[in-house]
Amino acid sequence: MLINKLKEERTLSKAEWTALIAGRNEELSAYLFQLAREERHRYYGHDVYVRGLIEFTNYCKNDCFYCGIRKSNRNANRYRLSEEEILSCCEAGYHLGFRTFVLQGGEDGFFTDEKLVHLISAIRSKYPDCAITLSIGERSYGSYKAFFDAGADRYLLRHETANACHYARLHPGNLRAKDRQKCLWDLKEIGYQVGTGFMVGSPYQTAENLAEDLLFIKELNPHMIGIGPFIPHHDTPFAEEKAGTLELTLFLLGLLRLMIPKVLLPATTALGTIDPKGRELGILAGANVVMPNLSPVGVRKDYSLYDNKICTGEEAAECRLCLEQRMQAIGYTIVTSRGDSLNE
Ligand code: SAM
Ligand code: FES
């Protein structure tokens with residue numbers, strides 16, 4: 001059975017990955033999730049790590065066809081948080097027990113290297129015991145290095161899809177799969193803990209594309225892998241496309257846990273958006289991280305990547321409590337620690 005082979009060898013050929021994904025069924029999924037949970041418990045027990053997400057700008061110079069904050073969306077209500085506002089999100093988060101801050105935003109030229117270095121240094125000196133994660137898209141090696149030297153330790157950059165033709169159907173011509181992948185190798189070389197990932201069920205995606213994603217991730221061997229269903233946004237060219245499914249996303253979480261047992265795997269907000277129990281089911285399929293929002297409630301709904309995003313009205317403390325209860329209900333515990341990846 002391919003799942004047993006995956007457990008033994010920690011990878012499969014492209015044809016085998018494709019067959020496993022295309023041939024999945026309920027029984028196979030249940031078996032996969034059981035094996036995935038065993039791996040997860042072996043290394044991370046029943047602990048769930050939390051990351052405080054600060055969505056600090058929704059300005060973006062890119063025009064990705066799927067994304068609600070793409071530059072051509074004239075209906076997006078644009079905002080930027082000031083350094084002061086970002087620091088007060090960190091302060092509130094620190095008191096709630098967060099030891100990782102994730103600064104995420106569109107590719108916004110207003111935030112020059114200089115401004116970001118200043119911001120990162122300020123967070124680093126105030127919170128020496130916290131991890132600083134950046135998720136701000138493609139930048140030069142020199143910029144990544146400057147942020148690292150200022151105190152950033154992790155970087156999230158989903159490769160989106162490893163297949164160049166598929167990539168070209170999701171992005172305008174100035175964005176290329178190879179360039180994005182090069183950024184990931186640069187980040188690794190500099191010494192960041194790196195996260196990559198992709199959307200599940202994005203338009204035109206095939207089982208073979210997913211097989212290529214898994215092979216790319218195996219080769220990159222990242223510390224963290226963020227996957228979530230594609231969800232259409234009404235003001236994008238993909239407004240009428242179908243969303244990715246809960247079922248396939250969970251199956252891929254299980255495969256990723258078996259492929260790289262020590263990786264950090266978030267149950268994402270998008271997963272919680274397509275199903276009210278999505279994040280819990282993600283944890284039960286092998287995930288071990290949740291990323292509640294620390295952004296000020298006033299701007300939450302403006303960081304709208306897709307329709308019906310959850311948790312846009314709740315204060316950070318409410319989200320923290322809600323997730324704690326949700327995790328407890330399925331036998332897991334949210335822990336206050338940096339939660340570094342065991343995958344070296
Ligand atoms: N600008 C940074 C970057 O490019 O990595 C970070 C922000 S970007 C909006 C974060 C992620 O959101 C993307 O990597 C993409 O996978 C995801 N995303 C964007 N639009 C989405 C949609 N409609 N459904 C699900 N995920 C989406
Ligand atoms: Fe935000 Fe539940 S996680 S309200």
Side-chain angles (χ1 to χ4, degrees), residues 51 53-73 76 78 80 102-111 116 133-139 143-144 147 154-162 166-167 170-172 174-177 179-184 186-187 192 194-205 209-210 213 217 222 224-246 248-249 252 266-275 278 291 293 295 300 302-310:
R51 279 58 170 112
L53 187 61
I54 303 170
E55 297 157 337
F56 70 99
T57 172
N58 72 351
Y59 281 86
C60 193
K61 68 175 164 64
N62 289 338
D63 226 3
C64 308
F65 301 150
Y66 45 83
C67 185
I69 60 170
R70 65 200 297 268
K71 85 166 170 217
S72 296
N73 181 8
R78 304 285 169 177
R80 290 183 180 107
V102 182
L103 301 178
Q104 191 181 82
E107 292 198 14
D108 180 359
F110 172 86
F111 285 97
L116 285 166
T133 306
L134 302 178
S135 178
I136 52 175
E138 295 177 41
R139 296 246 178 173
S143 302
Y144 287 153
F147 304 152
R154 302 181 184 149
Y155 205 103
L156 307 181
L157 185 81
R158 291 181 173 184
H159 68 279
E160 310 296 2
T161 170
H166 185 219
Y167 195 94
L170 304 181
H171 302 93
N174 64 323
L175 296 175
R176 279 171 293 267
D179 296 342
R180 203 156 168 100
Q181 290 167 22
K182 165 80 167 49
C183 289
L184 285 161
D186 286 350
L187 289 160
Y192 281 94
V194 170
T196 193
F198 55 90
M199 290 178 292
V200 177
S202 60
Y204 317 111
Q205 185 181 65
N209 292 152
L210 289 169
D213 289 325
I217 292 174
M224 175 154 168
I225 306 165
I227 67 164
F230 157 75
I231 304 174
H233 183 288
H234 60 279
D235 280 324
T236 63
F238 289 161
E240 303 303 327
E241 298 289 338
K242 278 211 294 288
T245 64
L246 172 75
L248 180 54
T249 310
L252 284 157
T268 55
T269 306
L271 194 56
T273 298
I274 50 162
D275 188 285
M291 298 174 70
N293 208 310
S295 313
R300 291 265 186 101
D302 294 328
Y303 198 82
S304 167
L305 309 178
Y306 45 80
D307 290 338
N308 307 316
K309 189 175 167 203
I310 53 167

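The structure displayed is predicted, hence computed values, not measured ones. Atoms within each ligand, like the ligands themselves, are counted from 1 in listed order.
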Fill in the blank from the handout: Contact region, E138 to ligand 1, non-hydrogen atoms below 4.0 Å, reads neither

Problem - For atom 20 (N) of ligand 1, the protein heavy atom that lies nearest, with its residue and separation - result: Y66 CD1, 3.3 Å

Completion exercise
In this structure, atom 25 (C) of ligand 1 is nearest to the protein heavy atom P229 O, 3.4 Å

Exercise for the section: For Y303 and ligand 1, answer yes if some heavy atom of the residue is under 4.0 Å from a ligand atom, otherwise no. Expected result: yes

Exercise for the section: Look at ligand 1 and say whether S135 reaches it with a heavy atom at a distance under 4.0 Å. Expected result: yes

Handout entry: Donor-acceptor contact present, side-chain E138 to main-chain E107, <3.5 Å
Key = no

Problem - Atom CG of D179: over 12 foreign heavy atoms under 6.0 Å - result: yes

Fill in the blank from the handout: Interatomic distance, CG@N293 vs CD@E55, rounded to 0.5 Å, equals 4.0 Å

Practice task
Could you tell me whether L157 and ligand 1 have an N or O pair separated by under 3.5 Å?
Solution key: no

Practice task
Return the option from D108, L305, T268, T236 holding the heavy atom at the smallest distance from atom 9 (C) of ligand 1.
Solution key: L305

Exercise for the section: Measure from atom 1 (N) of ligand 1 to every heavy atom in G137, G244, G201, G105 and give the option owning the shortest one. Expected result: G105

Exercise for the section: Within a distance under 4.0 Å of any heavy atom of Y306, pick out the atoms of ligand 1 and give their elements. Expected result: 22 (C), 23 (N), 24 (N), 25 (C)

Exercise for the section: Return the set of residues passing ring pair (Phe, Tyr, Trp, His ring centres under 6.0 Å) with Y192 (not counting sequence neighbours), or none when no residue passes. Expected result: F148, Y155

Exercise for the section: Give the numbers and elements of all ligand 1 atoms closer than 4.0 Å to a heavy atom of Q104. Expected result: 6 (C), 7 (C), 10 (C)

Fill in the blank from the handout: Short version for H233: what comes under 4.0 Å of ligand 1, heavy atoms counted, is neither

Practice task
State, without any angle test, whether T161 and N209 hold a side-chain donor-acceptor pair at a distance under 3.5 Å.
Solution key: no

Practice task
Identify, for atom 21 (C) of ligand 1, the protein heavy atom at the shortest distance, and state residue, atom and that distance.
Solution key: M199 SD, 3.8 Å

Handout entry: Option whose closest heavy atom lies nearest to atom 3 (C) of ligand 1, chosen from E241, K309, R180
Key = R180

Problem - E160, any N or O under 3.5 Å of ligand 1 N or O - result: yes

Practice task
Answer yes or no for atom 13 (C) of ligand 1: protein heavy atom present at a distance under 4.0 Å?
Solution key: yes

Fill in the blank from the handout: For atom 24 (N) of ligand 1, the closest protein heavy atom turns out to be I231 N, 3.1 Å

Fill in the blank from the handout: among protein heavy atoms, the one nearest atom 17 (C) of ligand 1 is R158 NH1, 3.8 Å

Completion exercise
Rounded to the nearest 0.5 angstrom, the CD-CZ distance for Q104 and R51 is 14.0 Å

Handout entry: ligand 1 versus A270: contacting region, heavy-atom distance under 4.0 Å
Key = neither

